[in-house]
Amino acid sequence: MLENKNKNLTKLEDLGEFNLIDLLTKDLKIKHKSTIKSIGDDAAVLDYKSKKVLVSTDFLVEGVHFDLSYMPLKHLGYKAVMVNLSDIYAMNGIAKHITVSIAISNRFTQEAMEELYAGITLACEKYDIDFVGGDTTSSVTGLTISVTAIGEANLKDIVYRNGAKPNDLIVVSGDLGSAFMGLKILEREKEVFKVNPKNQPDLDQYTYLIERQLKPEARKDIVRLLKDLKVNPTSMIDVSDGLSSELLHICKQSKVGCDLYENKIPLDPQLISTCEEFKLNVTTLALNGGEDYELLMTISQKDYDKIKGNPNFTVIGYIKEENAGTNLVLRDNSIVELKSRGWGSKED
Ligand code: ADP
Ligand code: MG
């Protein structure tokens with residue numbers, strides 16, 4: 001798909017950088033009044049009035065963060081945006097703008113780039129984002145994408161990693177571990193395909209897991225929900241590297257300890273059955289897997305009634321004094337130290 005085998009595909013060198021940018025950005029529509037100047041000048045101009053501005057950037061590098069043999073370019077574009085929006089939501093803010101910078105080698109075609117941008121555009125439509133600029137350069141080794149997300153929040157609503165207090169509840173949205181299991185399945189299929197390209201994999205039983213890997217959704221809905229429920233978390237972080245590593249970030253920055261309960265970690269039934277099939281420990285996976293893009297937060301006990309019974313939230317433990325340590329309470333009630341990375345987590 002990516003190679004220039006098909007004579008109908010357009011080589012990037014025949015198109016030129018400026019034509020490529022024009023082509024990729026011609027259909028973008030501006031949604032926000034706060035976008036005073038979008039693509040086309042030396043810089044975008046944004047108007048955030050009295051709000052505080054949140055800015056976050058991430059790199060996605062081919063061969064490190066993604067493998068195009070099982071990641072369709074449209075999904076990659078979508079995911080590159082999600083990864084960044086997730087960081088803005090983790091501050092309890094709302095993302096409004098992105099810029100996208102790409103480095104591309106000449107093995108990519110105009111059509112491949114249009115696929116990538118279709119994913120980016122879809123994400124922008126769904127999450128109400130104006131795409132206001134970027135940069136384009138050539139690369140000798142593959143594809144690199146860097147997205148910058150810009151968002152807003154009232155100062156009093158912003159939630160940092162360092163606000164957790166002893167006795168706070170540890171709460172997570174959604175479920176954990178499935179995105180990493182999805183990756184394992186895609187990697188296995190790639191190996192099977194190498195041996196026998198005629199083999200048509202039946203992936204139906206893994207749909208949820210694969211979707212969690214290929215098409216993650218950032219939890220803008222949780223930020224809204226917290227506002228509606230009038231819950232302001234004391235600390236928050238998004239789960240990009242795995243639950244244990246994110247919880248340890250909160251504990252370290254807040255100077256607190258924690259008790260995390262193994263039996264409370266939310267797991268999808270498909271993950272549980274697939275872990276049995278692969279003979280993997282589901283807890284290890286949920287703790288270390290990463291790329292779930294759920295929100296991990298701490299809330300004051302007085303807010304418990306507001307989230308109690310809400311299917312979007314699971315209470316998975318308690319914040320303790322720092323000297324209590326960072327503990328994982330296993331199913332048999334024994335206690336082990338929470339470790340940042342067992343195996344399998346990906347590069348930052
Ligand atoms: P400069 O030379 O100032 O870096 P460019 O020619 O790179 O300007 O960019 C011209 C305009 O096109 C700018 O508004 C920039 O934000 C936008 N742009 C460049 N590359 C991309 C891209 N990959 N996606 C979206 N917009 C881009
Ligand atoms: Mg430029």
Side-chain angles (χ1 to χ4, degrees), residues 1-4 9-48 53-68 71-88 94-152 215-216 218:
M1 175 180 70
L2 298 171
E3 316 295 332
N4 295 338
L9 297 180
T10 316
K11 287 183 183 169
L12 289 178
E13 60 215 32
D14 298 340
L15 190 67
E17 179 190 331
F18 297 117
N19 290 333
L20 176 68
I21 298 170
D22 284 349
L23 182 95
L24 295 176
T25 60
K26 69 178 179 342
D27 294 327
L28 292 177
K29 290 187 186 62
I30 296 305
K31 307 174 193 76
H32 297 296
K33 275 203 221 108
S34 56
T35 308
I36 295 173
K37 183 77 191 181
S38 182
I39 292 167
D41 215 305
D42 296 310
V45 182
L46 311 175
D47 182 1
Y48 276 85
V53 180
L54 308 170
V55 182
S56 182
T57 302
D58 268 304
F59 256 129
L60 290 180
V61 178
E62 186 178 357
V64 179
H65 302 100
F66 60 88
D67 181 336
L68 288 173
M71 186 74 167
L73 278 160
K74 187 171 174 185
H75 286 75
L76 179 64
Y78 192 88
K79 185 167 176 175
V81 179
M82 286 309 126
V83 169
N84 281 273
L85 300 188
S86 180
D87 284 322
I88 302 292
I94 292 295
K96 291 280 161 93
H97 299 96
I98 58 163
T99 63
V100 177
S101 298
I102 49 176
I104 11 173
S105 71
N106 59 13
R107 82 175 211 273
F108 293 91
T109 62
Q110 170 193 319
E111 288 75 11
M113 288 302 104
E114 285 179 304
E115 278 292 301
L116 180 75
Y117 270 64
I120 295 172
T121 309
L122 178 64
C124 289
E125 273 160 24
K126 222 170 136 187
Y127 284 76
D128 199 28
I129 304 292
D130 280 350
F131 180 177
V132 296
D135 199 24
T136 311
T137 186
S138 54
S139 131
V140 282
T141 48
L143 177 64
T144 297
I145 309 170
S146 172
V147 178
T148 297
I150 305 156
E152 63 178 37
K215 196 165 178 289

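Atoms within a ligand are numbered from 1 in the order they appear, just like the ligands themselves.
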Should you measure from each heavy atom of [X], which atoms of ligand 1 turn up under 4.0 Å away?
| X | answer |
| --- | --- |
| F131 | 24 (N), 25 (C) |
| I102 | 23 (N) |
| D42 | 3 (O) |

Can an N or O of [X] be found at a distance shorter than 3.5 Å from an N or O of ligand 1?
| X | answer |
| --- | --- |
| S101 | no |
| G134 | yes |
| S38 | no |
| T25 | no |
| G40 | yes |

*Side-chain donor-acceptor pair under 3.5 Å between Y78 and K126, yes or no?*
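Present: a donor and an acceptor within the cut-off.
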
_Euclidean distance, T35 OG1 relative to L46 CG, rounded to 0.5 Å_ = 6.0 Å

*asked:* For the CG atom of L15 and the CG atom of L23, what is their distance to the nearest 0.5 Å?
replied: 6.0 Å

_Donor-acceptor check, side chain of H32 to backbone of D128, threshold 3.5 angstrom: yes or no?_
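A pair under 3.5 Å: yes.
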
*Examine distances only and state if a side-chain atom of Y127 and a backbone atom of A218 form a donor-acceptor pair shorter than 3.5 Å.*
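Yes, Y127 side chain to A218 backbone: donor-acceptor pair under 3.5 Å.
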
*Which residues satisfy the salt bridge (charged side-chain N to carboxylate O under 4.0 Å, His left out) test with D67, sequence neighbours excluded?*
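Listed in chain order: K190.
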
*Run the contact test for L24 against ligand 1 with a 4.0 Å cut-off on heavy atoms, strictly below, and give the result.*
no

*Does ligand 1 have a heavy atom under 4.0 Å from the side chain of V100, from its backbone, from both, or from neither?*
backbone

*Give a yes or no on whether the ring-centroid distance for F66 and H75 is below 6.0 angstrom.*
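They do not qualify: ring centres at least 6.0 Å apart.
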
